[in-house]
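The model shown is predicted, which means the values in this text are computed figures rather than measured ones.
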Amino acid sequence: MQKALILLFSFLLFSISLKAQDSFDPDVLLVDARTLILDGKYAEGRKIAFRALSKYPEYADILILVGRSYAWEGKNDSASIYLERAIIASPAYEDGYVASLDNLSWAEQYDRADAVLAKARENLGTPLPNAIRYRESRLLYYREDYNAAYQIAEELFKKKYKNDNLLEYMQNLQRLRRNNAVGATYDYDSFEGELTPWNTFSFYARTRTKLTGTLIGRVTQSSRFDGNGTLFELDAYPSLGKKAYAYLNVGGSNASFFPDFRLGASVYFNLPKAWEVDGGFRYLQFAEPTYIYTASLGKYTGNWWFNLRANLIPGTGNSLGTSANLQARYYFKTGEDFFSLQLSSGVSPDEETRDPTQLLNSYRARAGYQQLLTDRFMVYAFTGYSRDELGPDRFRNNLNFSLGVEYRF
């Protein structure tokens, strides 16, 4: 009798256990599946998700999770099957459209992405949610319609759309937009002591070609040390794909305070999570040649951009000069309206008006503001102070003002 009761009790426990397993909670399974998939265990996570879908085949979040897991593995056709099911199951749920547009963009299936956008407008109305509008801008970017892509991105920026990559994306679009421009800048440098003020005017023209990317020609005229001199330069920013581009510079002058010849090159890489790095060199031929190796690390976050640049200047023997520049920008209504602050030690290799070999050390602070007044006119103003070490116990204090205007056509 006792043995029979034990068997009956065990049977009841086993039945209760089976029933508990059979009546699972799909929300719990979704969390378990997401944890595994985000950890890169796609097959294991999908196994749990499929179990939930066997009883809840129209659970949109699980369908989206499965679709994204396939997309992250590069299995875009499999991803499309589940993401289309998610849109059918919940046509008013924006996450399904967002995931589908991501997948089709990565697969370069732009016509199918257009159909998803049309379906989103039909089911969600206009204006579309910000996350979908951002994907619409990216589609235009992939098709190289940079002006239309920028217009949408700028609208989202004004709406304060929360996306850490948005500002970086807008800066990249600005570089790629096919706009022509001419501009002029004026720099005034005053010094304590015997030096008379320096006056520097610069005129430039900018265009864009498929080979060179943005192409800038610049002529700089300066009066200093009771003399005048002119520097001629050409800059190019050729594209190296969607995530990289180069900077090339060549120039020269017959003035003693400008380099006889200058050459520069850098390569920029856009990294995940709105990081950017670059590395390159500069060659400046003054009385003696100067070689400078430069690298920087930048980060976009919210309305801010931060950049830290370091420069190495090999000298004679084992000597090694260094300089550094920390820059921060806060962007306002557009990707071209910003306040800027710079703190520097040493001389930047891209300051064509100063010879780094003539200074033992230098410390600078500089602040300014740039404003796009209309679609065609941009203005900016900067001011800065530097303390330059010319020799033992010899210092030079410099106050600088810069003004600039640009006209686009």
Side-chain angles (χ1 to χ4, degrees), residues 171-172 174-176 181 183 185 187 200-209 211-222 229-241 243-270 276-298 305 307-315 320-327 340 342 344-359 362 364 366 382 384 386 400 402 404:
Q171 297 303 303
N172 193 37
Q174 265 301 99
R175 181 179 59 83
L176 294 168
T185 63
D187 282 85
T200 303
F201 297 88
S202 182
F203 303 91
Y204 65 89
R206 183 178 73 243
T207 188
R208 178 175 172 78
T209 72
L211 177 63
T212 64
T214 299
L215 185 65
I216 304 172
R218 184 183 301 104
V219 179
T220 302
Q221 174 72 32
S222 186
T230 305
L231 173 68
F232 298 90
E233 290 180 278
L234 191 63
D235 297 337
Y237 294 83
S239 176
L240 302 178
K243 294 291 185 181
Y245 65 96
Y247 161 74
L248 304 172
N249 166 267
V250 62
S253 172
N254 59 3
S256 61
F257 47 80
F258 284 139
D260 297 332
F261 178 73
R262 60 177 291 134
L263 182 68
S266 288
V267 178
Y268 291 78
F269 296 94
N270 294 322
E276 182 181 67
V277 296
D278 78 83
F281 77 95
R282 306 290 186 268
Y283 170 80
L284 306 175
Q285 177 64 58
F286 286 95
E288 297 291 335
T290 301
Y291 299 89
I292 304 175
Y293 301 95
T294 182
S296 78
L297 176 66
W305 173 70
N307 182 270
L308 177 62
R309 178 171 295 281
N311 309 295
L312 299 178
I313 309 173
L320 183 67
T322 62
S323 65
N325 178 282
L326 175 63
Q327 185 174 178
S340 173
Q342 299 179 45
S344 305
S345 147
V347 180
S348 165
D350 296 317
E351 289 183 58
E352 68 278 345
T353 62
R354 308 171 86 198
D355 180 357
T357 64
Q358 295 177 350
L359 304 179
S362 174
R364 289 184 92 186
R366 187 169 167 85
F382 289 84
S386 68
N400 167 266
S402 299

Rounded to the nearest 0.5 Å, the OG atom of Ser344 sits from the CZ atom of Arg366 at a distance of 9.0 Å
Distance-only donor-acceptor check, side chains Asn311 and Ser323, under 3.5 Å
yes
Just how far is it from atom CD1 of Ile313 to atom CD1 of Ile292, taken to the nearest 0.5 Å?
4.5 Å
Quick one: do Asn307 and Leu326 satisfy side chain to side chain contact (heavy atoms under 4.5 Å, CB included)? Show the steps, please.
CA-CA 6 Å; Asn307 182 270; Leu326 175 63; over 6 Å; no
Please state whether the rings of Tyr268 and Tyr245 are parallel, tilted or perpendicular, taking 30° and 60° as the class boundaries.
parallel
Once rounded to the nearest 0.5 Å, what's the spacing between atom CD of Gln221 and atom CZ of Phe232?
8.5 Å
For Gln174, side chain to side chain contact (heavy atoms under 4.5 Å, CB included) partners two or more places apart
Tyr150, Arg177, Glu336, Arg408
Carboxylate-amine/guanidinium contact Asp235 Arg206, below 4.0 Å:
no
In Å and rounded to the nearest 0.5 Å, what is the OH to OG1 distance from Tyr237 to Thr212?
11.5 Å
Output the distance between atom CH2 (Trp305) and atom CD (Gln171), rounded to the nearest 0.5 Å.
8.5 Å
Rounded to the nearest 0.5 angstrom, the CZ-CZ distance for Phe203 and Arg218 is 13.0 Å
Check the side chains of Ser266 and Arg282 for a donor-acceptor pair under 3.5 angstrom, ignoring hydrogens and angles.
yes
For the residue pair Tyr204 and Thr185, what are the closest heavy atoms and their distance?
CE2-CG2, 4.5 Å
For Ser340 and Phe382, the nearest pair of non-hydrogen atoms, with its separation, is CB-CE2, 3.9 Å
Does either side chain, that of Thr294 or that of Arg309, offer a donor lying less than 3.5 Å from an acceptor on the other one?
yes
